[in-house]
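Take a look at the following structure, please.
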Amino acid sequence: MNRTFLTPITILIGIVGSVGLMAGSNIFDPLIQFIHTGDITPTQAVFCLLFTVGGFAAYFYLLNLICSYFVPRIDKDAQTNGAK
């Protein structure tokens, strides 16, 4: 992976964008309503689960991207040439 300055900036923009989306919109109102009252419809529950799975997948991808940026993988040639 080429180490460019773009990778950390992209991750930072994604995190700030997620926080901005949560703060500036009412997309997460069903989740907030469920937390405070305990009332949720089955449709809202399905959407909450889908967003949860999607969120975990997105954060796994972003964490994998940023970790591979800061800790590059050892290539196979270095392992076979005596770096054991």
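What's counted below: heavy atoms across the whole structure, side chains too, no hydrogens, waters or symmetry copies.
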So CD1 of Ile15 and OH of Tyr59: to nearest 0.5 Å the spacing works out to 6.0 Å
The single option from Leu49, Leu50, Thr43 that satisfies side chain to side chain contact (heavy atoms under 4.5 Å, CB included) with Val46 is Leu50
Taken to the nearest 0.5 Å, the spacing of Asn26 CG from Leu21 CG works out to 10.0 Å
